[in-house]
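The chains referred to below are lettered A, B, ... by the order of the sequence lines, with proteins before strands, and numbering in each begins at 1.
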There are 4 protein chains.
Amino acid sequence: MSAPEISRKDLHEGRRNQLIDAALSLFAEKGYENATIKDLAEACGVAAGLVYHYFESKEDLLLSVFERHGFAAEMERVLLPAFDRPASEVLLEVVHSYYDLLVERESFMRMIIRESMTNPQLEERWTTMCNTGVQTLARYLAARVAAGELRAHDTEISARMLTHPVVVLRLTGGSVAQLSSIVDCLLEGINKKSGQG
Amino acid sequence: MSAPEISRKDLHEGRRNQLIDAALSLFAEKGYENATIKDLAEACGVAAGLVYHYFESKEDLLLSVFERHGFAAEMERVLLPAFDRPASEVLLEVVHSYYDLLVERESFMRMIIRESMTNPQLEERWTTMCNTGVQTLARYLAARVAAGELRAHDTEISARMLTHPVVVLRLTGGSVAQLSSIVDCLLEGINKKSGQG
Amino acid sequence: MSAPEISRKDLHEGRRNQLIDAALSLFAEKGYENATIKDLAEACGVAAGLVYHYFESKEDLLLSVFERHGFAAEMERVLLPAFDRPASEVLLEVVHSYYDLLVERESFMRMIIRESMTNPQLEERWTTMCNTGVQTLARYLAARVAAGELRAHDTEISARMLTHPVVVLRLTGGSVAQLSSIVDCLLEGINKKSGQG
Amino acid sequence: MSAPEISRKDLHEGRRNQLIDAALSLFAEKGYENATIKDLAEACGVAAGLVYHYFESKEDLLLSVFERHGFAAEMERVLLPAFDRPASEVLLEVVHSYYDLLVERESFMRMIIRESMTNPQLEERWTTMCNTGVQTLARYLAARVAAGELRAHDTEISARMLTHPVVVLRLTGGSVAQLSSIVDCLLEGINKKSGQG
DNA sequence: GATGAATGAGCCTTCATTCAT
DNA sequence: AATGAATGAAGGCTCATTCAT
């Protein structure tokens, strides 16, 4: 019985990922500029110089964090329900899943928001990610309009009204309990004449 | 008749404000850590040492920027219409004014968002500012519920659904044209059965 | 009686020159790459950071050394005697003055030779300096040919034969006593038939 | 008949020499301090660590370059013609061969000149090499004096006047065409009265 | 008030060298 | 022999901050 084979490449990837993950934590917590390479090395129990075997520069490390922790795909998955399921049933699920995703990816969220304020490349990345999410959900809503469930309207906007409050809620410490009200407001509106309960 | 008197104190205030305003620009553009005191001094055409005649430290300068450029008051003004005016008439105005305010205060917005990701004190400030705004608008909406115009609902959430998409729209390059759809969606909802002519 | 006035600009220049001079010493002794900014600062009794108030970078410092210690002008002065003085009388003086100049500027010589092996810009500078010197002396020799003192010949080459051995003599530890033989050989040649005792 | 045997020792020598030759190139081009072991390894297509199987340290590598590429012997061969051949016939050959040798060994020349400015041991090596060359040629010239071809004079100096301008010519981009003038000047002198038809 | 020289801590990065595999 | 991960000591450079003038 031989020991489980771990290839050199795997070891390399392993350490590299360890560094990236630790970098994400540090960058989110202290900010990119305030997190030092020494911090990172210590967090990983290695010498500072080693970081430069894996990344060309601190900025390259930052980009690698984005490469590894970007979650555009997960976001699209979460925001695109089956077209034949009714919105009344599905939207609450979507909003909750979205919220949970943001909780899970909080470090990344905080990091990208911070850096996108300053770095035009990252700003575009973040904008694209947001807009892609919005348009994904809008596509589903449009399908529900076509299916005759929802009235004709600007579905991109309704997608924004579902997703953006969730993001800000997360960042400004609002409670999860409010998520269902969001869906309700959006579906039913707040005008009395259109009311039903 | 003597020349208009400019007191020593006014001169002091003038220069101080000049420094603060330049600091806001720099902090918003490059980020607090990447903006140097020398940058600031150059932007104002003075020597670096002079900054320390007006502020105890760079951090003190940052706080002074918040002191001078915080716009909680303007936000409350914008988000609190007269209770007796109908939402159907007022909300579009509110959303537009809010959007315009964000445009006018863009530098400050970007700065506080960035710094609040990292600095707990500023995070609380930013959270409070957001929540105060939300609650101000919620108070108006509650008044309209009481007035019988709107149906009973969680007005804090509807306030979020009006304001948060506006913020994110601003930051991710959405167009102003979409503002009216926001109000419409919120008032009428998107359900077909709740009909809207 | 007031104290002697020393302007701020003079103080600046003074310190700047002190740094440049110390840098020349260090660069000549240890080589540019082996001389550290800390070395330099210590040699001048200041903090390392101060160097960067006077020079943008270590390379800028190197260039400043060249600016200040280049001696093309002195070299031309030394190598250009009055056209009407006979070579037989003047060349030994020239060679000695040239040798003395090289002794006085030894640090600079060693530095530029070393750096020109590696840095194309400096190589050109050094080449130009050499060639200018050669051509200056060649011009004088040509005047002596025209004056009928010397035979018609390639005066650039004879200028090289006077100056280059002096340089190498300096660098490889030859003795000053040999300088007069150089002049003699050049004037008289070494062929017996042209000999004169 | 077995295939040609290549001993382990030969393989070792082969790789060692490959490393040394690549090191010479790098040291000449970028300078010892600016050439990294990694540069060297890459140039040879091996891992950085391997260099230390062949050399104890970077300095040992430098010394090995001198061991392998020193050309004192070639220089002596080039600078020592048969004593019975007349200088008038031989010197131009010598100067050309010497020039060609310097062209062939340019990398080494540039390297040793550079390093000798800084490293006393190498300086001595370089000085010795120069002086040995000078004395070798001087010995031949002395033989020609004894043979009655040349007048009695300081032959070390005339050897310098033949060799040093050639070196500097090489380094400062002079043309080969000037070599014959050197010999002519030295043989005949430049004084008109010593006439030469 | 205003200047700018001076400090000193600390950061990113490089690199010769070692060593387990 | 060969690899490349890992180390650790510097080195160049930046910058908030102080202080004499």
Report summary line: Across every strand shown, the nucleotide meeting Watson-Crick or G-U wobble geometry with E:dT21 (both distances under 3.5 Å) is F:dA2
**Report entry** Shortest side-chain distance from D:Lys58, nucleotide among F:dC13, E:dT13, E:dT17
**Finding:** E:dT17
Report summary line: Separation between CD1 (C:Ile20) and CZ (C:Phe55), nearest 0.5 Å, reads 4.0 Å
Requested in this report: Tell me which nucleotide among F:dA16, E:dA6, E:dT17 gets nearest to the side chain of C:Arg15.
Outcome: E:dA6
Query raised in the report: What distance do C:Thr128 atom OG1 and C:Leu122 atom CG have between them, rounded to the nearest 0.5 Å?
Result: 11.0 Å
**Report entry** Sugar-phosphate only, base, or nothing, as touched by C:Ala35 at under 4.0 Å among non-hydrogen atoms
**Finding:** sugar-phosphate
Query raised in the report: When the distance from CG of A:Leu19 to P of F:dA5 is rounded to whole Å, what number comes out?
Result: 12 Å
Requested in this report: Just compare E:dT7, E:dA2, E:dA16 and give me whichever is closest to any side-chain atom of B:His53.
Outcome: E:dA2
Requested in this report: Assign the ring pair A:Tyr54 / A:His12 to parallel, tilted or perpendicular, where the plane angle (0 to 90°) is split at 30° and 60°.
Outcome: tilted
Report task. Among the candidates F:dA5, E:dC11, F:dA16, find the nucleotide nearest to the side-chain atoms of A:Thr36. Result -> E:dC11
Query - Rounded distance (nearest 0.5 Å) linking atom NZ of C:Lys30 with atom CD of D:Glu33 - result: 11.5 Å
Query raised in the report: For C:Val51, which contact category applies under a 4.0 Å heavy-atom criterion: base, sugar-phosphate, or nothing?
Result: nothing
Report task. Give one of base, sugar-phosphate or nothing for B:Phe55, where a contact means two heavy atoms less than 4.0 Å apart. Result -> nothing
Query raised in the report: Separation of B:Leu62 atom CG from F:dA16 atom C1', in whole Å?
Result: 14 Å
Report task. Round to a whole Å and report the spacing from CG of B:Leu50 to P of F:dT17. Result -> 15 Å
Query raised in the report: Counting only Watson-Crick or G-U wobble pairs whose two distances fall under 3.5 Å, which nucleotide matches F:dG8?
Result: E:dC15
Report summary line: Separation of F:dA6 atom C1' from A:Lys38 atom NZ, nearest Å, is 17 Å
Query - Side-chain N,O (D:His12) to OP1/OP2 (F:dA1) below 4.0 Å - result: yes
**Report entry** Proximity to the side chain of D:Ser57 - top-ranked nucleotide from E:dT3, E:dT17, F:dT3
**Finding:** E:dT17
Query raised in the report: Rounded to the Å, how far apart are A:Ile37 CD1 and E:dT14 P?
Result: 11 Å
Requested in this report: Take the protein atom OH of A:Tyr52 and the nucleotide atom C1' of F:dA5, then report the distance between them rounded to whole Å.
Outcome: 17 Å
Query raised in the report: Rounded to whole angstroms, how far apart are CG on B:Asn34 and C1' on E:dC11?
Result: 13 Å
Report summary line: Atom OH of A:Tyr54 and atom C1' of F:dA6 are separated, to the nearest Å, by 8 Å
Report task. Please indicate whether D:Glu13 has more than 12 foreign heavy atoms, meaning atoms of other residues, nucleotides or ligands, lying under 6.0 Å from its CD. Result -> yes
Report summary line: Sorted by position of nearest nucleotide on DNA chain E, 5' first, the leading residue of B:Ala48 and A:Glu59 is B:Ala48
